[in-house]
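Structure record follows, encoded as structure tokens.
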Amino acid sequence: MTDRDDIDMLAAEYVLGTLEAEERDAVSRRRRLEPDLDARILAWEARLAPLGDEVKAVAPGPDLLARIERRIEALEAGDEAPAASQHRAPDLAQLAALRRRLRFWRWSTGLASAAALVLAVVLIAPLGQTPDEPPFVAVFQQNDQQPAFMLSVDLASRQLHVRPVTAEPVSGKSYQLWIKDASLGPDPRSVGVLDDDLSLDAGALRDFDPELLKRATFGISIEPPGGSPTGQPTGPAIHGYLYPTDRGAPQRL
Amino acid sequence: MSDAPRSSSAPPGVSPSPSSAAPGDRLVGLLRRVAQRDRQAFAQLYEATSAKLYGTVLRILKERGRTDDIVQEVYVAIWQKAAQFETGRASPIAWMTAIARHAAIDERRRQPTAPHDAEEALAQTPSDAPGAREHAERDQEARRLHACLEELEADRRALVRLAYLDGWSRAELAAHVEQPVNTVKTWLHRALKQLKGCLAS
């Protein structure tokens, strides 16, 4: 059996549902970094989806929607985001505006195509041009649950601050921060390799134009010690999520 | 609504027109609005899709209490991920159902349900659910998949259905057919390859 067969069968069994828990976790992590695997999973989803037509629709209980809405409200208020809980709850209008920009970025560059999922998608964007706008933090999350890292950037001084939240040093591996923007070419560019204590030189973005930083996306990947040998992300990348925050707040997590 | 700068090149916001739009188009419009944190659109999306998703999860988990929890998780995920939905990659309902199926199967792997009867499970399966056949026949892809499934040996077809629809693991399937897990894995792979070949022909 060839490797391609193997990966196709892995995708097929993932969709079919017959993998064990650890295998499923591994596949759901791998698909974010392996466009080929992701594409195969989607192809299998499409192939098998008509089987689901046979499932009898069952109306949920009448109170489930209200329960879901309460849950979403709690999430939106930041209750469930430990890293954000010490900040003021995000203003929904601000968040919506940010998300629109993020979506635009994805559309305009094809970033959400399978190939681009190699990199975490994080946009640090000011909402306006006034200096009083709060800085934004990117929260890098794994499995859509606990934040792994937070990255805050002060655009005026081009100072960055990376703070691990749940991420821990991995023996024999390094975390590496990447930046991606159309003006830098199609590939992500390394910002730097995090130290063993998961910190990074605050001036690592000093050579980037603030205008570029406003629209750039960031990602953190796991690499061999000392960083990627190829100059491109080679290991699992951590996805990002956005939170606006009070000015100056990111310094205390 | 004031859009982000330069967003004119983005796909246009869709305001669903239920009378003229196909159901899928309506769902695409709702998902776009949900991505912009539109609560009303979210409630409409829930109304339009929850019975399908609930049925999918309940079929796998069997218990309403656990199903409630997982369906809640699924709709929270849909709320959070709506912006990631791309029309080119899947239909809205397929995208949402995939989220629901994976959540249900993950839950079932974490905490297996009480063993249940294959005969009973399969009895639900063939297209005798009201509306299922009609729906399937509208859809050419569904017809082709069912034709290809018919070409599988009966016991392999049963394995595929028990896995996909009921969330059975390899080990559960192996116990059911009284074969080693590796044999079942081989059978599944053969069945899947045969299906893929049949669908591609």
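Worth knowing before you read on, the calculation uses all heavy atoms, side chains too, and leaves out hydrogens, waters and symmetry mates. In what follows, every chain begins at residue 1, and chains take the letters A, B, ... in the order their sequences are listed. Bear in mind that the values here come from a model prediction, so they are computed numbers and not experimental data.
Interface summary for chain B: among A:Glu45, A:Arg67, A:Glu20, the most heavy-atom pairs under 4.5 angstrom belong to A:Arg67. Ranked by heavy-atom pairs shorter than 4.5 Å toward chain B, the options A:Gly61, A:Gly17, A:Ala21, A:Pro60 are led by A:Pro60. Across B:Asp69, B:Asp38, B:Val57, the residue that shares the most heavy-atom pairs under 4.5 angstrom with chain A is B:Asp69. Per-residue heavy-atom pair counts under 4.5 Å with chain A were compared for B:Leu199, B:Thr56, B:Leu188, B:Asp106, and the maximum is reached by B:Asp106. Of the listed residues B:Ser50, B:Ala104, B:Ser169, the one with more heavy-atom pairs under 4.5 angstrom with chain A than any other is B:Ser50. Interface remark: of the candidates B:Ala163, B:Cys148, B:Ala51, B:Ala51 forms the most heavy-atom pairs closer than 4.5 Å to chain A.
Contact check for A:Leu64 versus B:Tyr46: side-chain heavy atoms found under the 4.5 Å cut-off. Inter-residue side-chain proximity for A:Trp44 and B:Leu192 is flagged as met; some heavy-atom pair is nearer than 4.5 Å. Side-chain contact between A:Val55 and B:Lys52: absent, with no pair of heavy atoms (C-beta onward) separated by less than 4.5 Å. Within the 4.5 Å cutoff, the side chain of A:Met9 has no heavy atoms near those of the B:Lys185 side chain. Residues B:Arg39 and A:Glu73 are in side-chain contact: their nearest non-hydrogen atoms beyond the backbone lie under 4.5 Å apart. Looking at heavy atoms from C-beta onward, B:Leu145 lies out of side-chain contact with A:Arg47 at the 4.5 angstrom threshold. Between B:Val184 and A:Thr18 there is no side-chain heavy-atom pair separated by less than 4.5 Å. Two residues are said to be in side-chain contact when any heavy atoms from C-beta on lie closer than 4.5 Å; B:Lys193 and A:Asp8 fail this criterion.
Qualifying salt bridge (charged side-chain N to carboxylate O under 4.0 Å, His left out) partners for A:Glu23, counting only residues two or more places apart in sequence or in other chains: B:Arg170.
Contact of B:Thr97 with chain A is not made at all, since no heavy-atom distance falls under 4.5 Å. Heavy atoms of B:Ala90 lying under 4.5 Å from chain A are absent altogether. With a 4.5 Å cut-off on non-hydrogen atoms, B:Arg64 touches chain A through its side chain but not through its backbone. Of the two parts of B:Leu53, neither the backbone nor the side chain holds a non-hydrogen atom closer than 4.5 Å to a non-hydrogen atom of chain A. Proximity to chain A is absent for every atom of B:Ile93, based on heavy atoms less than 4.5 angstrom apart.
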B:Phe42 vs A:Ile68, side-chain contact (heavy atoms from CB on, under 4.5 Å): CA-CA, chis, key distance, verdict: CA-CA 10 Å; B:Phe42 180 76; A:Ile68 292 167; 3.8 Å; yes
side-chain contact (heavy atoms from CB on, under 4.5 Å) evaluation trace for A:Asp38 with B:Arg89: CA-CA 11 Å; A:Asp38 189 58; B:Arg89 283 154 51 109; 3.5 Å; yes
Candidate pair A:Leu51 and B:Val160, rule side-chain contact (heavy atoms from CB on, under 4.5 Å), full reasoning: CA-CA 10 Å; A:Leu51 255 176; B:Val160 169; 4.1 Å; yes
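Atom CG in B:Leu58 sits 9.0 Å away from atom NZ in A:Lys56 (nearest 0.5 Å). One finds the CD1 atom of A:Ile41 at 7.0 Å from the NE2 atom of B:His102 (value rounded to the nearest 0.5 Å). Between atom CD of residue B:Glu47 and atom CG of residue A:Leu65 there is a gap of 6.0 Å, rounded to the nearest 0.5 Å. With rounding to the nearest 0.5 angstrom, the CG atom of A:Leu48 is 11.5 Å from the NZ atom of B:Lys196.
A salt bridge does not link B:Arg109 to A:Asp25: none of the charged side-chain nitrogens sits closer than 4.0 Å to a carboxylate oxygen.
The closest donor-acceptor contact from the side chain of B:Arg59 to the backbone of A:Ala57 lies at 3.5 Å or more, if one exists at all.
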